[in-house]
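Every chain is numbered from 1 and lettered A, B, ... according to where its sequence line falls, protein lines coming before strand lines. These numbers were taken from a predicted model, which means no experiment stands behind them. The figures here come from the full heavy-atom set of this structure, side chains too, leaving out hydrogens, waters and symmetry mates.
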Protein chains: 2
Amino acid sequence: MSEDTEQPSRGPQLSEQVAQRLSDAIQAGEWGRGARLPTEAALGERFGISRSVVREAISMLRNGGLVTSRRGSGSFVAESPTVSLRLAIPDPGLQSVVEVLELRRPLEVEAARLAAERRTPSQLRRIRNAMVDIDEAVEAGLSGVDQDLAFHRAIAEAANNAHFTAVLDFYNRFLHHAIRVTRTNESLREAFMQQVVAEHQAILDAIAAGDAEAAARAAATHLAHAEARLRQAPTDLLERVEAQRGSTSTSSTEPTGGNSR
Amino acid sequence: MSEDTEQPSRGPQLSEQVAQRLSDAIQAGEWGRGARLPTEAALGERFGISRSVVREAISMLRNGGLVTSRRGSGSFVAESPTVSLRLAIPDPGLQSVVEVLELRRPLEVEAARLAAERRTPSQLRRIRNAMVDIDEAVEAGLSGVDQDLAFHRAIAEAANNAHFTAVLDFYNRFLHHAIRVTRTNESLREAFMQQVVAEHQAILDAIAAGDAEAAARAAATHLAHAEARLRQAPTDLLERVEAQRGSTSTSSTEPTGGNSR
DNA sequence: ATTTAACATCTTGTCTGACAAATTTAGCGC
DNA sequence: GCGCTAAATTTGTCAGACAAGATGTTAAAT
């Protein structure tokens, strides 16, 4: 008789406990995919808590991609639950950037290899266009960083495996936040640009020829050189994000982020 | 003087809008890292909403890793904001698993290479122990899957780059959810086990010897063979997660058509 | 009988007010 | 200044109410 409610042991965060227990229950299959779970009131009674806490708990699960809620209808177990990878953005430093590049390199190399094997004509065209865009941007006096990223993304897309684009986008977001490249050092750019263009061309040629190993080698070379360039001039390329720490006055000037590929 | 509150345009979800605007404000640097943001009451007045909505919005940001809240103190912008990668777990099918393995392979290969270069003595010892654990588990009649994963994880750890362990763990979670390895087919295991042990031994030897290229080659071989083994006997290794759909009420849902590839 | 429209009911979203718990701040004695 | 206590502040939780949509039922119309 007294076991109507599952006693909530008081602890660090009540709503967190409830979210955990709900998550466990879903994981255990108490409610299958897409099934509607009990109303907030019912859950509140079951766990012996108020509706507020139930709502916060469900909100957590919702943000975790485990449930979805429809107003007037109810909350439902998500059709496709998700796993998530979270990456803290530390105080930007050369070390963390290098570690990420270390991981990204084999991915881009493999993407180039797969792209050489699988690229469709239209995907090949898109890679070519991206290369042209880099030239145009550079000649227009822009940094061309965005176009450079687009070039690499086009290659990843041509690998025809969505996970490559997802992971590479993920780490590009990290790099975008972690690095602030100063207005591109003109002399640096001049010196590097020819080399970068040549390396890009080599990758493109290999992919166009369908030569997987050559594409992989070209990509490996390009990325190794890019990392070397980054290591070589770190003080010019890395800048602490201290504007974030300052006051509210810093107007939203977004210094064109990027790296030196 | 009607501009005291930023008019909330009604839309899909009020709390979501507020969360978005708060996120934007933080992103724009209105409050720097670690700074305390206004009280819930103040934010409610600012946005012209009630405290409930403010709380839900902050809850979203908190679950997104953008803010942290301390009872009695306030809510603060997180010291280290995060970027997140989410991966939906689809109806398990061979295709999605193969795509993930395709991405995991170059990572594990690179991890083996780095491990050969950087492993500490204790890390090498841990890899050895993991290999012994596999044998013991198999001899004890277990599947040894967990121990196999631990072996690969030990290698990733020996690479001394936290991103490798993070990403590989991430995809292992995906695989763990997407695949249901049936009670290991004994005959299959018997046939494969010797080969697997030999391949593991090759990786370990190369890492122990500090031969990076040999380690990479051994890992590549191992993973290629593993994928081949998976392709070869997919029906034995893949199993639909249909227990999830069963229990409560499976009315009005498509009958989960066969995704045979 | 089938379709359509109005209605009642249910569920989540939001509002309001209150109290509890924990932290921060202020005050006070010394 | 330092240590202690008390008050003020702030998030966490509770309770009740209404609004906004969605669902299901009933009645009307053809």
Side-chain angles (χ1 to χ4, degrees), chain A residues 4-22 26 31 34-79, chain B residues 4-22 26 31 34-79 248-253:
Chain A
D4 284 342
T5 67
E6 312 180 9
Q7 279 286 66
S9 70
R10 65 213 160 291
Q13 240 88 316
L14 184 51
S15 54
E16 203 167 330
Q17 299 176 38
V18 175
Q20 185 60 50
R21 289 166 72 176
L22 269 179
I26 292 175
W31 308 286
R36 192 179 68 195
L37 40 91
T39 70
E40 295 171 349
L43 287 174
E45 187 171 353
R46 164 170 169 176
F47 290 113
I49 56 180
S50 78
R51 212 187 129 200
S52 313
V53 178
V54 175
R55 284 190 60 75
E56 285 230 12
I58 288 183
S59 171
M60 294 181 191
L61 302 188
R62 190 168 43 232
N63 281 42
L66 200 60
V67 308
T68 61
S69 299
R70 286 197 295 277
R71 178 206 204 105
S73 179
S75 291
F76 303 80
V77 179
E79 293 286 349
Chain B
D4 284 341
T5 66
E6 311 182 11
Q7 279 285 67
S9 71
R10 67 212 160 291
Q13 240 93 314
L14 184 52
S15 54
E16 203 166 331
Q17 298 175 38
V18 176
Q20 185 60 51
R21 288 166 71 177
L22 269 178
I26 293 175
W31 307 288
R36 192 178 67 196
L37 40 92
T39 70
E40 295 171 349
L43 287 175
E45 188 171 352
R46 163 169 170 177
F47 291 111
I49 55 181
S50 78
R51 209 186 131 201
S52 314
V53 178
V54 175
R55 283 191 61 75
E56 284 230 11
I58 288 183
S59 172
M60 293 181 193
L61 302 188
R62 189 170 44 232
N63 286 16
L66 199 60
V67 308
T68 61
S69 299
R70 286 197 296 277
R71 180 208 206 95
S73 178
S75 291
F76 302 80
V77 180
E79 292 286 349
T248 54
S249 64
T250 37
S251 59
S252 76
T253 58

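Here the C1' atom of nucleotide D/dG21 and the CD atom of A/E40 are 14 Å apart, to the nearest Å. The CD1-C1' distance, from A/I49 to D/dA15, rounds to 14 Å in whole Å. Here the P atom of nucleotide D/dA20 and the CD atom of B/Q13 are 15 Å apart, to the nearest Å. In this structure, B/F47 atom CZ and C/dC15 atom C1' are separated by 18 Å, rounded to whole Å. Atom C1' of nucleotide D/dT10 and atom CZ of B/R62 are separated by 13 Å, given to the nearest angstrom. Between B/E16 atom CD and C/dT12 atom C1' the separation is 14 Å, expressed in whole Å.
The minimum heavy-atom distance linking B/A57 with B/V18 is given by the pair CB-CG1, 3.8 Å. Contact record, A/M60 with A/A19: SD-CB, 3.8 Å, taken as the closest heavy-atom pair. Nearest heavy atoms, B/E79 versus B/G34: OE2-CA, 3.4 Å.
Here D/dA15 is the nucleotide among C/dC15, D/dA15, C/dG13 with the atom lying nearest to any side-chain atom of A/S50. Set against C/dT11, D/dT11, D/dC14, the side chain of A/L14 has D/dC14 as its closest nucleotide.
Non-hydrogen atoms lying under 4.0 Å from DNA chain C are contributed by A/R51, A/R55, all within residues 51-59 of chain A. Contacts with DNA chain D (heavy atom under 4.0 Å) in residues 69-76 of chain A: A/R71, A/G72, A/S73, listed by number.
Under the rule for a salt bridge (Lys or Arg N to Asp or Glu O under 4.0 Å), A/R70 has no partner lying at least two apart in sequence or in another chain. For A/E40, the side-chain hydrogen bond (donor to acceptor under 3.5 Å, both in side chains) criterion is met by A/R51, A/R55, not counting sequence neighbours. In terms of the side-chain hydrogen bond (donor to acceptor under 3.5 Å, both in side chains) criterion, residue partners of B/Q20 (sequence neighbours excluded) are, by chain and number, B/D24. By the side-chain hydrogen bond (donor to acceptor under 3.5 Å, both in side chains) test, B/S69 is found to be paired with B/R62, B/S75, residues two or more places apart in sequence or in another chain being considered.
For the pair A/V67 and A/L22, the minimum side-chain heavy-atom distance is 4.5 Å or more.
Remark: A/N63 CG to A/I58 CD1 distance equals 12.0 Å, nearest 0.5 Å.
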